[in-house]
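Since the structure comes first, as structure tokens, the remarks are kept for the end.
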Amino acid sequence: QVQLVESGGGLVQAGGSLRLSCAASGSAFSINTMSWYRQAPGKQRELVARITRGGNTNYADSIKGRFTISRDNAKNMVFLQMNSLRPEDPAVYYCNADWVVWGQGTLVTVSS
């Protein structure tokens with residue numbers, strides 16, 4: 001069974017950067033696709049970015065060119081580098097493995 005733990009959230013000024021990390025444990029070797037989702041208050045959870053074990057990536061249009069997803073298969077970790085953060089980016093960011101397993105989330109807040 002896979003467990004996911006996110007870290008790296010916090011408060012940042014608009015235009016600033018944060019790097020989120022997600023550590024997978026358990027049967028992490030079996031994970032193919034790792035994703036980052038986010039959920040803002042009153043809104044549905046939405047896909048931000050995803051990456052396959054082979055390194056293929058997909059991004060939501062709203063964050064293209066600003067966020068970069070990467071993973072370290074040897075360390076069973078996935079990262080989300082978030083640059084040029086905007087007032088519309090604050091949310092709880094969740095790590096996901098193969099659309100099934102979720103982490104507990106990490107809060108990102110952006111001050112204007």
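This structure is a prediction, so every number in the text was calculated from the model and none was measured. Residue numbers count from 1 along this sequence.
- In this structure, L18 and L85 have side chains that are in contact, with non-hydrogen atoms separated by less than 4.5 Å.
- Rounding to the nearest 0.5 Å gives a distance of 12.0 Å between CD1 of I63 and OG of S84.
- The aromatic rings of F67 and Y93 lie tilted to each other, with the angle between the two planes from 30° to 60°.
- L80 and L47 are not part of a single hydrophobic cluster, where members link through side-chain heavy atoms under 4.5 Å apart.
- Within the structure, the salt bridge (charged side-chain N to carboxylate O under 4.0 Å, His left out) test picks out the following pairs touching residues 77-103 (sequence neighbours left out): R38-D89, R66-D89, R86-E88.
- The backbone N or O of V101 lies less than 3.5 Å from a partner atom in the side chain of N96, making a donor-acceptor pair.
- In the model, S17 has a side-chain atom that pairs as donor or acceptor with a side-chain atom of N83 under 3.5 Å.
- W102 and L4 are members of different hydrophobic clusters when ILVMFWY side chains are connected at heavy-atom separations under 4.5 Å.
- A cation-pi arrangement is present between R19 and F79, with the terminal nitrogen or guanidinium carbon under 6.0 Å from the aromatic centre and inside a 45° cone about the axis.
- The closest donor-acceptor contact from the side chain of E6 to the backbone of L20 lies at 3.5 Å or more, if one exists at all.
- Rounding to the nearest 0.5 Å gives a distance of 12.0 Å between CD of Q3 and SG of C95.
- In this structure, A91 and A40 approach most closely via the heavy-atom pair CB-N, 3.7 Å.
- Nearest heavy atom pair, residue P90 against residue T109, reads CB-CA, 4.3 Å.
- Distance check: S70 OG to M77 CE gives 9.5 Å after rounding to the nearest 0.5 Å.
- Counting only distance, with no hydrogens or angles, the side chain of R53 and the backbone of N73 share no donor-acceptor pair below 3.5 Å.
- Counting all heavy atoms, side chain and backbone alike, V2 lies closest to A24 at CG1-CB, 4.5 Å.
- Using modelled atom types, one side-chain atom of T106 and one backbone atom of G9 make a donor-acceptor pair closer than 3.5 Å.
- Side-chain polar atoms of Q13 and S111 form no donor-acceptor pair below 3.5 angstrom.
- R71 has its side chain within reach of I31: a pair of non-hydrogen atoms, C-beta onward, lies under 4.5 Å apart.
- Under the rule for a ring-ring contact (aromatic ring centres under 6.0 Å, His included), Y59 has no partner lying at least two apart in sequence or in another chain.
- Here the closest heavy-atom approach between residue C22 and residue M34 is recorded as SG-CE, 4.2 Å.
- The two residues A14 and S112 come nearest to each other via the heavy atoms CB-CA, 4.3 Å.
- Nearest heavy atom pair, residue V5 against residue Q104, reads CA-OE1, 3.7 Å.
- Of the possible polar contacts, none joining the Q39 side chain to the Y37 backbone as a donor-acceptor pair under 3.5 Å is found.
- Note on Y94 and M82: separate hydrophobic clusters, where clusters join Ile, Leu, Val, Met, Phe, Trp and Tyr whose side-chain heavy atoms are under 4.5 Å apart, directly or indirectly.
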